[in-house]
There are 2 protein chains.
Amino acid sequence: MGSTERRARERHATRERILAAARALFVKEGFEAVSMRKIAAAIEYTPAAIYTHFKDKTELLMALGDSDFGLMRDSMRDVEKIADPVERLRACGRAYIRFALEHPHHYRLMFMTSWPYIEPKDCLIEHGNADEDAHAFLCGLVRECIQAGRLRPKYRDAHTTTQACWAAAHGVVSLYITHGSDPWVDFKHPRETAELLLDAAIDGMLNPTPARDRTPRTRVAKVAPDTKARRRA
Amino acid sequence: MGSTERRARERHATRERILAAARALFVKEGFEAVSMRKIAAAIEYTPAAIYTHFKDKTELLMALGDSDFGLMRDSMRDVEKIADPVERLRACGRAYIRFALEHPHHYRLMFMTSWPYIEPKDCLIEHGNADEDAHAFLCGLVRECIQAGRLRPKYRDAHTTTQACWAAAHGVVSLYITHGSDPWVDFKHPRETAELLLDAAIDGMLNPTPARDRTPRTRVAKVAPDTKARRRA
DNA sequence: TCTGTAAGCTAACAGTGTTAACTGACTGAG
DNA sequence: CTCAGTCAGTTAACACTGTTAGCTTACAGA
């Protein structure tokens, strides 16, 4: 009689408490501070208790990071308002940089840590849904630039170009996150470097002959919807 | 007597043996496999013995990675032969990518791990010496492009532009190293992505009005020699 | 011969992730 | 009402990790 449901609810609740404790430790003291024992202590449980909810420390950490992909996507809502596809792409890059600089710990977990395989069904995010999945969103922006005929021929493979754009933004912030306080290289503020690199890369991809919308080529239209993308739990 | 010299020599020798053992473990089994106990076992010492030669595990690891910066610089010797400065820059990017893909473990240690402060004098590399220091070398290439009048005005700050170029290359390889086997994004081969991004970025930086060598502007000429750069031990 | 130095060893500390075996509360069936 | 089963959570351990205080032992210089 619904008691099994209550138990399931309780189980889910403690799972959430574990995640909350882990997240609190994580944002306050960084990646290394998150130990099973500390998490357990924070919620007054035994370390072993966590293992009835998560297979691994890795699984816990990944469940943690997973939900941040939604946060990242949300931080890009504003760019959709921009009409010009190329400017939209540029703004997306800026939003990405901003997110990374505002949440360096999360960024580190999301993009600078190797993830194990996670089943698509175990994720909050629907892969390839540009409304939830930031990677699919970026890919969509690139595709719009292509369809508007704004990119040179060699940049008309949406996937590769998406990865190039991603890599440009990631390069700036990840370099800054790991080496920003390294006295050997005096880093400019990453926002400045990113601006420069994104401008250079995007300008370099642009068609010199100006816009004039044309119907997408067959090749472009055939690009499959982005089924491989980012996750959330 | 010179016996003190002999002792110093012996001390140095065991230090090198420790480093060699650590390196062997490192390249064979990766970063995580390098534990003080395993290193000690490999050279038939006690873990504690290592601490008479290195303050820390970190110091050991850094001493390890340090020598690789020279290796990296060496892998770029060929690009100096290229006459055109812009093509030289492009080739430098390619060499960087190649090095990273051929030595992913080293790359990870060198550029994807936070380094503690190391005294300049404790390094094999002379900072800012383009002949030893890869970062200074890159900076030199950028400066040559600037002095040849090949870059648009906004890219004429050598330091920031150097960082942008570095970030582009780093973005591609670091993304690939951490997420290359991630089934959620189907990565293109990084060489392809890198080619695309480097071309876009460099083309985007180029002056549309073609070359014709001009004497460097005052602003450019005043750029200080690159005193902050990469190390080696 | 005695003394100081210092490389290396022993043994331990405090921490880590993880697991087998147990406890105790609660559920549903007989 | 009782009995068996389920399962969240605990206990206590294992096998690791980096690191250090204190000892031993060899050796150089006076």
Side-chain angles (χ1 to χ4, degrees), chain A residues 1-26 28-65 108-109 113-116, chain B residues 1-26 28-65 108-109 113-116:
Chain A
M1 35 215 77
S3 71
T4 58
E5 281 141 33
R6 200 213 63 219
R7 290 186 79 154
R9 211 167 51 235
E10 279 175 357
R11 181 176 167 74
H12 185 261
T14 69
R15 191 191 137 101
E16 288 303 309
R17 288 178 62 212
I18 294 170
L19 281 171
R23 160 160 277 117
L25 278 168
F26 184 74
K28 190 161 54 138
E29 303 175 40
F31 194 95
E32 291 74 18
V34 182
S35 87
M36 299 306 254
R37 282 171 164 85
K38 278 190 194 167
I39 298 168
I43 53 171
E44 296 179 301
Y45 274 17
T46 314
I50 301 178
Y51 288 85
T52 66
H53 295 269
F54 299 92
K55 184 179 129 289
D56 247 352
K57 187 188 179 183
T58 310
E59 193 180 284
L60 197 168
L61 240 21
M62 294 305 117
L64 206 64
R108 209 178 189 127
L109 178 59
T113 311
S114 292
W115 286 52
Chain B
M1 13 252 64
S3 67
T4 58
E5 281 141 33
R6 200 213 63 220
R7 289 185 79 155
R9 213 167 49 237
E10 279 175 356
R11 180 176 168 76
H12 185 262
T14 69
R15 191 192 136 100
E16 287 304 309
R17 288 178 62 210
I18 294 170
L19 280 171
R23 158 160 279 116
L25 278 169
F26 184 74
K28 191 162 52 141
E29 303 175 40
F31 194 96
E32 292 74 18
V34 183
S35 86
M36 300 304 255
R37 283 171 163 86
K38 277 191 194 168
I39 298 168
I43 55 171
E44 294 179 303
Y45 272 19
T46 314
I50 300 178
Y51 289 84
T52 66
H53 295 269
F54 299 92
K55 182 179 130 289
D56 249 350
K57 188 188 179 183
T58 309
E59 192 179 287
L60 197 168
L61 239 20
M62 295 305 119
L64 206 63
R108 208 177 191 129
L109 179 60
T113 311
S114 292
W115 286 53

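We name chains A, B, ... by the order of the sequence lines, and we start the count at 1 in each one.
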In whole angstrom, what separates [X]'s [atom1] from [N]'s [atom2]?
X     : N      : atom1 : atom2 : answer
B/R15 : C/dA7  : CZ    : P     : 13 Å
B/E10 : D/dT25 : CD    : C1'   : 15 Å
A/H12 : D/dA8  : NE2   : P     : 14 Å
A/I18 : D/dA8  : CD1   : P     : 11 Å
A/R9  : D/dA8  : CZ    : P     : 15 Å

Under the rule for side-chain contact (heavy atoms from CB on, under 4.5 Å), what residues qualify as partners of [X], not counting sequence neighbours?
X     : answer
A/E10 : A/R6
A/A33 : A/E29, A/K38
A/Y51 : A/M36
A/A40 : A/P47, A/I50

Where the side chain of B/M36 is defined as all heavy atoms beyond and including C-beta, which of C/dT18, D/dT19, C/dG8 is the nearest nucleotide?
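Selected nucleotide: D/dT19.
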Gap separating the CZ atom of A/F54 from the CG atom of A/L64, nearest 0.5 angstrom
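One gets 8.5 Å once the value is rounded to the nearest 0.5 Å.
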Which residues pass the side chain to side chain donor-acceptor pair (under 3.5 Å) test with B/T52, sequence neighbours left out?
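Per chain and number, B/T52 pairs via side chain to side chain donor-acceptor pair (under 3.5 Å) with no residue.
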Regarding A/R11, tell me which of base, sugar-phosphate or nothing describes its non-hydrogen contacts under 4.0 Å with the strands shown.
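Contact class for A/R11: sugar-phosphate only.
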Residue-level proximity of residues 38-56 of chain B to DNA chain D when a heavy atom falls under 4.0 Å
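Of all residues in residues 38-56 of chain B, the ones placing a heavy atom under 4.0 Å from DNA chain D are B/A48, B/Y51, B/D56.
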On DNA chain C, does the nearest nucleotide to B/R37 precede the nearest nucleotide to B/T14 from the 5' side, or the other way round? Give the residue.
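Of the two residues, B/T14 wins.
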